[in-house]
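Written below as structure tokens is the structure these notes are about.
Note that these values count all heavy atoms, side chains included, but never hydrogens, waters or copies made by symmetry.
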Amino acid sequence: MSNNKKHSSHSHHNHGDMDHSKHDHNEMEHHGGHHDHHAGHDHSGHGGHDHHHHGDFKEIFLKSLPMGIIIMILSPMMGISLPFQFTFQYSDILVVLLSTILYIYGGKPFYMGAIDEFKEKAPGMMALVTLGISVSYFYSVYAVIARYVTGEHVMDFFFEFSSLILIMLLGHWIEMKAVGEAGDAQKALAELVPKDAHVVLEDDSIETRPVADLQVGDLIRVQAGENVPADGTIQRGESRVNEALLTGESKPIEKNPGDEVIGGSTNGDGVLYVEIKQTGDKSFISQVQTLISQAQSQPSRAENLAQKVAGWLFYIAVIVALIALVIWMIIADVSTAVIFTVTTLVIACPHALGLAIPLVTARSTSLGASRGLLVKDREALELTTNADVMVLDKTGTLTTGEFKVLDVELFNDKYTKDEIVALLAGIEGGSSHPIAQSIISYAEQQGIRPVSFDSIDVISGAGVEGQANGHRYQLISQKAYGRNLDMDIPKGATLSVLVENDEAIGAVALGDELKPTSKELIQALKKNNIQPIMATGDNEKAAQGAAEILGIDYLANQSPQDKYELVEKLKAEEKKVIMVGDGVNDAPSLALADVGIAVGAGTQVALDSADVILTQSDPGDIESFIELAQKTTRKMKENLVWGAGYNFIAIPIAAGILAPIGITLSPAVGAVLMSLSTVIVAINAMTLKLEPK
Ligand SMILES: Nc1ncnc2c1ncn2[C@@H]1O[C@H](COP(=O)(O)OP(=O)(O)OP(=O)(O)O)[C@@H](O)[C@H]1O
Ligand SMILES: [Cu+]
Ligand SMILES: [Mg+2]
């Protein structure tokens, strides 16, 4: 499916959020300035805009605060003097001066933001706030002038104006903090990579270099307790390394020479000498970050809807505000009308609605990543919630893929058993199938040197073939061999036949074990009304054995093509299909399924064709992913209902519809509510959590 190709990576979100995402971005730069190699990436929580940053709400708020307080002390609220107020001759002139400064300085983020919105032909939040503060400011200036000119009392709204600006600044400062926190795991990832690395030079001396300057092939020393600066292979030393934040595996992993370590993991007590294999964009952590930001910047269906509604809100608010203005001028007076108009403009915050979905997505992708659940295509979350069928492959997905060689059978006297094993191990050198590694290790344990092959080709879903010593060999499934064999096959074993020039010369029977969490997964699927089907390339007997234990429907002897057709058939029955595979040869069906889940990160094919990548191959993670999908979808719905519902109720009240029963809102209260609505949406997103494993 890989919808991401269709989407542009730069989404245009509601414009209310631009200052927030921009702010995230800045924070990223403060904390992660040393990650030069990430410079081209979009780290912002929800698809950053390239707008200019119109100042820091915190700073502007703090500087505006004293001015705002003086204005409030010197001007009566809605014409009523409060106890702490006092005035003196021409104090209103001072108020006008201070308010003008406040309008220009404190209002700047809003009117600059509004200009951007109009340039993008999508007026929104900033435009509304600008209208609100401008109306109250200009009307109040007019009121003071009118007072001097006519000598009559004309009410001004400087109290409302200054409290409005202050609360707006404060509200956006709080919002930004809340919004920033939702996408924090992404930032946490960036912080895992240390600034410097200790490079071991030719003469064994150590030079400390910035990580960005590391080259593939460099030998580095990782001290105890330090984070590994880049992906590499251990040359010397042993230690326990914690990869929890990268792969979700919570226990530290024992690492010895020859083992691989990933950049960003935390070294335990030992000192490690590591040869760098991967740096910059190609490193594991960087790929994870790219996946996250890609997923976060893709608009999903729910989000598109939210954005559209948020876009209309500007027009709705302006129309309602105008109606309120006219009606209140008729039934009351100009100053009442102005107050209702300003409140209406201010309260209609498309912000909560615009952030409703991106915040949940940011939280959910980050949370997923911290547990080794990498969501590449965001729509996968929504689709998983409605899934009907899950097709799972057996080997490597439900079973460990760590085969034991149970039996090596000979069909003639031409070769000894050791020679057959040498041929088996040799031809497997060209395969990445789980069977291959198992046979190679088996030969190693027996002290048998693999035959060296001139060429090896993989026959997808059947086995491998190659040339050695002038003969053509194949190691293939019994189905691919197509003839009966004269042997007793161990119960439930996987069987592969070694063929020389079209004649069977040997066979190897292998046993594999179910993963401990497989059964639980199948039960969980059934509970969630997702029908599990096991489709395996393995033989009938092996498939049946596993299926019985798991209690799952199964199809055996399925070639990659068969699996593809199965997914196609299920989709034709209008079923939403999740396909789970280990990615070795399941790529076509992973791509075709509504949701493709690749277990066990690694092969590039899986990365390309799957929508979701589980870095560990624990079936329990499939369960966690379903949980993540369901919870994410629920949070999105809640946020949409809240974000839209808020405006539905707040706008009419702000316009004064409940005035007859004595309920009215001042512009300042409107500003508080509008900020609160966004904060609630952000908090709701942040409280998305997964059950501990
Ligand atoms: N590298 C290999 N070495 C030996 N036999 C192989 C190899 N690759 C495939 N085969 C044979 O082909 C059969 C089908 O392989 P395929 O990769 O389609 O399925 P699988 O990975 O074993 O099972 P599943 O579909 O459940 O993952 C295997 O059971 C095995 O007998
Ligand atoms: Cu807002
Ligand atoms: Mg397979």
Do Lys255 side-chain atoms and Glu260 backbone N/O form a donor-acceptor pair below 3.5 Å? yes
Reported NZ-to-OG1 distance for the pair Lys394 and Thr399, which is rounded to 0.5 angstrom: 5.0 Å
Val580 side chain near Val599 side chain, heavy-atom distance below 4.5 Å: yes
Glu627 and Lys631 ion-paired at < 4.0 Å: yes
Start with the C-alpha gap between Leu374 and Leu614, add the side-chain angles, then the distance that decides, and say whether side chain to side chain contact (heavy atoms under 4.5 Å, CB included) holds. CA-CA 6 Å; Leu374 305 180; Leu614 309 183; over 6 Å; no
So, Thr384 versus Lys576: side-chain donor-acceptor pair below 3.5 Å or not? no
If every non-hydrogen atom of Thr687 is compared with every non-hydrogen atom of Lys635, which pair is closest and at what distance? OG1-NZ, 2.9 Å
Ile622 and Met390, any side-chain heavy atoms less than 4.5 Å apart: yes
Atom NZ of Lys277 with >12 non-hydrogen neighbours under 6.0 angstrom: yes
Is a side-chain N or O of Thr517 found less than 3.5 angstrom from the main chain of Glu520, in a donor-acceptor match? no
Pair Leu690-Leu373, side chain to side chain contact (heavy atoms under 4.5 Å, CB included): steps then yes or no: CA-CA 12 Å; Leu690 285 177; Leu373 321 171; 4.2 Å; yes
Donor-acceptor side-chain pairing of Glu540 and Tyr554 below 3.5 angstrom: yes
Do Leu392 and Ile522 come close enough that some side-chain heavy atom pair is under 4.5 Å? yes
Determine yes or no for a side-chain-to-main-chain donor-acceptor pair under 3.5 angstrom, with Arg363 supplying the side chain and Leu688 the backbone. yes
Any chance CD of Glu573 has more than 12 other-residue heavy atoms, nucleotides or ligands included, within less than 6.0 Å? yes
Value for OG (Ser364) from CG (Leu628), rounded to nearest 0.5 Å, stands at 4.0 Å
When you measure from the side chain of Lys515 to the backbone of Thr397, do you find a donor-acceptor pair of N or O atoms at a distance under 3.5 Å? yes
Approximate separation, where rounding is to 0.5 Å, of Tyr564 OH and Ser589 OG: 9.0 Å
Could you walk me through whether Glu638 and Asn684 pass the side-chain hydrogen bond (donor to acceptor under 3.5 Å, both in side chains) check? CA-CA 8 Å; Glu638 284 168 8; Asn684 190 38; 3.1 Å; yes
Determine, step by step, whether Gln531 and Leu525 satisfy the side chain to side chain contact (heavy atoms under 4.5 Å, CB included) criterion, reporting the C-alpha distance in whole Å, the side-chain angles of both residues, the deciding distance to 0.1 Å, and the verdict. CA-CA 7 Å; Gln531 184 201 355; Leu525 288 174; over 6 Å; no
Over 12 non-hydrogen atoms of neighbours within 6.0 angstrom of CD in Glu513: no
Does Gly551 offer a backbone N or O that forms a donor-acceptor pair with the side chain of Lys526 under 3.5 Å? yes
Note: Pro257 and Gly237 closest approach over all heavy atoms is CD-O, 3.4 Å
Between Asp538 and Gln558, do the side chains contain an N or O donor and an N or O acceptor separated by less than 3.5 Å? no
Test item: Leu381 and Phe625 side chains (from C-beta on) under 4.5 Å apart, heavy atoms: yes
Let's go through Ser265 and Asn242 carefully: what are the C-alpha distance in whole Å and the side-chain angles of both, what is the deciding distance for side-chain hydrogen bond (donor to acceptor under 3.5 Å, both in side chains) to 0.1 Å, and is it a yes or a no? CA-CA 6 Å; Ser265 55; Asn242 193 329; over 6 Å; no
Backbone of Val681 reached by a side-chain donor or acceptor of Trp642 within 3.5 Å: no
Full working for salt bridge (Lys or Arg N to Asp or Glu O under 4.0 Å) between Asp393 and Lys563: CA-CA 9 Å; Asp393 98 343; Lys563 292 185 190 177; 3.6 Å; yes
Determine the minimum heavy-atom distance between Glu238 and Asn256, stating which atoms define it. CB-OD1, 3.4 Å
Whether Asn227 side chain and Val222 backbone form a donor-acceptor pair below 3.5 Å: no
Can you tell me how far apart CD1 (Ile220) and CD1 (Ile276) are? Round to the nearest 0.5 Å. 3.5 Å
Counting only N and O atoms by type, is there a donor-acceptor contact under 3.5 Å from the side chain of Asn639 to the main-chain atoms of Ala356? yes
So Ser624 and Arg371, do their side chains get closer than 4.5 Å, heavy atoms only? yes
Side-chain touch Leu398/Met534, heavy atoms, less than 4.5 angstrom: yes
Residue pair Ala610 / Leu590: nearest heavy atoms and the distance that separates them: CB-CD1, 4.5 Å
Answer yes if the side chains of Asp512 and Thr400 hold a donor-acceptor pair under 3.5 Å, and no otherwise. yes
Tell me whether Asp618 contacts the main-chain N or O of Gly620 through its side chain, where contact means a donor paired with an acceptor under 3.5 Å. yes
Approximate separation, where rounding is to 0.5 Å, of Glu691 CD and Lys689 NZ: 11.5 Å
With the side chain counted from C-beta on, respond yes when Arg240 and Asn267 share a heavy-atom pair under 4.5 Å apart, and no when they do not. no
Could you check Val679 against Ile683 for side chain to side chain contact (heavy atoms under 4.5 Å, CB included), going step by step and ending with a plain yes or no? CA-CA 6 Å; Val679 172; Ile683 289 174; 3.7 Å; yes
Do Ile439 and Phe403 have side chains that get closer than 4.5 Å, going by heavy atoms? no
Determine yes or no for a side-chain-to-main-chain donor-acceptor pair under 3.5 angstrom, with Ser518 supplying the side chain and Leu514 the backbone. no
For Lys519, the side-chain contact (heavy atoms from CB on, under 4.5 Å) test, sequence neighbours excluded, returns Gln523, Leu550
Between Val464 and Ser431, what is the shortest heavy-atom contact and its length? CG1-CB, 3.6 Å
Which heavy atom in Ile435 sits nearest to a heavy atom in Thr494, and how many Å separate them? CD1-CG2, 4.0 Å
d(Ser239 OG, Ile234 CD1) to nearest 0.5 Å is 7.5 Å
